[in-house]
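To start, the structure under review is shown below, and the notes come after it.
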2 protein chains.
Amino acid sequence: MSLKMNKLVELSGVPKATILYYIKEGILPQPDKPKPNLHLYDEETLERLDFIKYLQKNFNCTINEIKTVLENQKIHNTSNYEALLDAIEIVMGNRDQTHYTKEEAARYLGMEESFLDELLDEGIVFMRDGVLSQKELEIVQIVMEYHSLNLDIELFKTYAHHARELATLEVAMSQKLLNKESKKATIKRLFDTLLILKPYIFNMTTLKEYQGASHVRDTQN
Amino acid sequence: MSLKMNKLVELSGVPKATILYYIKEGILPQPDKPKPNLHLYDEETLERLDFIKYLQKNFNCTINEIKTVLENQKIHNTSNYEALLDAIEIVMGNRDQTHYTKEEAARYLGMEESFLDELLDEGIVFMRDGVLSQKELEIVQIVMEYHSLNLDIELFKTYAHHARELATLEVAMSQKLLNKESKKATIKRLFDTLLILKPYIFNMTTLKEYQGASHVRDTQN
C-alpha cells in the first residue's frame, strides 16, 4: 500500500510540516519518488509514525532519543514495539556515552569498591554490558547521600526485593499473553503494562500516602 | 544578592539565549531594571533555573509542563522542590483538562460501574479531586484489554499491594530524613529517591529478568 502525503496526514493525525521534519531528521524514511511530483509513503511509515507518537506521549522522548531507539532497532533488526525493550534502557537515561568500570566508578565517587559491590549484589544498581553509565553513578550518589546521613539503605534493598518478585510475575504474564495473541500485540501490551500502568499505580499510591500522612507538607517547616 | 546576566550564566551554566527565552515564556521572572542598561536577577532566579534543569533532565518536562508545575506552586505558595509533590501528578500525565465522573467514565468506556469500583477499591486507579482524568481512562483501558483476553488482573492487584507496602516505608523514611536535615533538603532527596532511584531499580530489574528469560525476544515468533 502506497500513500500520498494527504492520506498519510489523515491516517496518522500528524501535520505535514511535522512529517517533513521527521524525514529531515532521519526518523522517518524518505518517500518513493516514482515521478518528480509524486511522493509515496509506505505502510511502514504510518506504523513508524504511530510508534513515534507513542514514545513522545508516554515517555516525553526527544527526537534524539527516538533516533537512538530507532538506530538500536535497526542494529538488532527488531519490530517497533520490540525495540521498546531496548528503549527502557534509553528512556531510563543511559543517554550518555561516558562509561566507567567498577574501579573507575568507585574512584570517581570516592567510595569503597566493596560498597559498590554490595549495591550491585543487592540489585540496587546494575552493570550494563559490563560497565556503569552516568545513570548508575547518579543512582549510587543518591544512595551514598543516605549513607552519609547515617541512614540505612533498607528501603532500597526492599525496592530491589519487591522489584524481583514483580519481575518474575511479569515474565510469567508475558508467557500467558504470548499464548493468547501475536508476539507484536504482546510486546505492545507489555509496555503499556510495564511503562504506563505500573508507574501509575506506584506513583499514585505513594502520592496518596503522602497526602494522607501530610508529613512533609504540614507538620514541619 | 543581585546578579548581572553574565554572572547568572556563569553560575547556572544555562546560556543567555535560553535564559531570555525562559523569561519570555514566563517561567523565569523579569529582572529588576534600575537603569535602562542594567538588568539585575535575584538569587531566586538562580534557584528556579536549577529547578527547571532538574525537571528537564529527570522528567524530560516540556516548557508547558514546567509552566503548569510553576503555576501550581504559585497557587499553593510552596517552594520549588515541594512543588514536585504536585509535579508527580503532572509528570504522571494529568495534563488533560477533560475530567469524568465515575458514571461518565463507565459509560464512555462501555464497562460496568461495579468493575470500575473494584479497580478503585483495589488501588489500581485513583480518583483525583473526586473525578477521573484522561490518564485514569487510559489505565482502565489497559486493564479492560486483559479482561477481554480472559486474563486475570492478579498482576495489577499485586502491583497495588506492593505499592502500598512501599509507600508506608517511604513515608517512614521521609520522617527520618526530616529529623536529620531541613524540609527543603528532605523534599529534594525524596524526589531523587521516589522519581529517579525507585523507577531505575524497578525498570532495570524487569529488563534484566526479561533479558535472562528471553521469553519475548527469542523463544517465539
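In this text the structure is predicted, and so the values were computed from the model without any measurement. Sequence lines set the chain letters: A, B, ... in the order given, protein chains first and strands last, and positions in each chain run from 1.
- The shortest side-chain heavy-atom distance between A:Arg189 and B:Ile142 does not fall under the 4.5 Å cut-off.
- Heavy atoms closer than 4.5 Å to chain B are found nowhere in A:Ser182, neither backbone nor side chain.
- Atom CD of residue B:Glu122 and atom CD1 of residue A:Ile201 lie 10.0 Å apart, to the nearest 0.5 angstrom.
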| message | Pair B:Leu194, A:Asn203 - check side-chain contact (heavy atoms from CB on, under 4.5 Å), show working. | response | CA-CA 8 Å; B:Leu194 300 176; A:Asn203 281 332; 5.8 Å; no
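- The line from CD1 of B:Ile196 to CD of A:Glu138 is 5.0 Å long, rounded to the nearest 0.5 Å.
- Between B:Asp152 and A:Met173, the shortest heavy-atom contact is O-CE, 3.8 Å.
- Side-chain contact annotation: A:Tyr200 with B:Glu136, donor-acceptor N/O pair under 3.5 Å present.
- For CD of A:Glu113, the number of neighbouring non-hydrogen atoms (other residues, nucleotides, ligands) closer than 6.0 Å is greater than 12.
- Atom CG of A:Leu197 is separated from atom CD of B:Gln141 by 12.0 Å, given to the nearest 0.5 angstrom.
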| request: Report the C-alpha separation of B:Leu190 and A:Tyr210 in whole Å, then their side-chain angles, then the decisive distance to 0.1 Å, and conclude whether the side-chain contact (heavy atoms from CB on, under 4.5 Å) test is met. | output: CA-CA 11 Å; B:Leu190 279 178; A:Tyr210 275 104; 3.5 Å; yes
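- Shortest non-hydrogen contact noted between B:Lys180 and A:Leu149 is NZ-O, 3.0 Å.
- Only the side chain of A:Leu151 comes within contact range of chain B, with heavy atoms under 4.5 Å apart.
- The 12-atom threshold is not exceeded at NZ of A:Lys16, counting heavy atoms of other residues, nucleotides or ligands nearer than 6.0 Å.
- Interatomic distance, CG of B:Leu166 versus CG of A:Leu155, reported as 7.0 Å (0.5 Å rounding).
- A:Tyr146 and B:Thr193 share a donor-acceptor pair across their side chains, judged by distance under 3.5 Å alone.
- Side-chain contact between B:Arg164 and A:Phe202 is absent, with no heavy-atom pair separated by less than 4.5 Å.
- The local environment of CD in B:Glu112 is sparse, with at most 12 non-hydrogen atoms from other residues, nucleotides or ligands closer than 6.0 Å.
- At a threshold of 4.5 Å between non-hydrogen side-chain atoms, the residues B:Phe126 and A:Leu207 do not count as touching.
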| message | Working note: A:Glu165 + B:His162, criterion side-chain contact (heavy atoms from CB on, under 4.5 Å); need CA distance, chi angles, decisive distance, verdict. | response | CA-CA 10 Å; A:Glu165 251 182 64; B:His162 283 248; 3.2 Å; yes
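- To the nearest 0.5 Å, atom CZ of residue A:Arg128 and atom CE of residue B:Met204 are 4.0 Å apart.
- Looking at A:Glu145, the atoms closer than 4.5 Å to chain B (heavy atoms on both sides) sit in the backbone and in the side chain alike.
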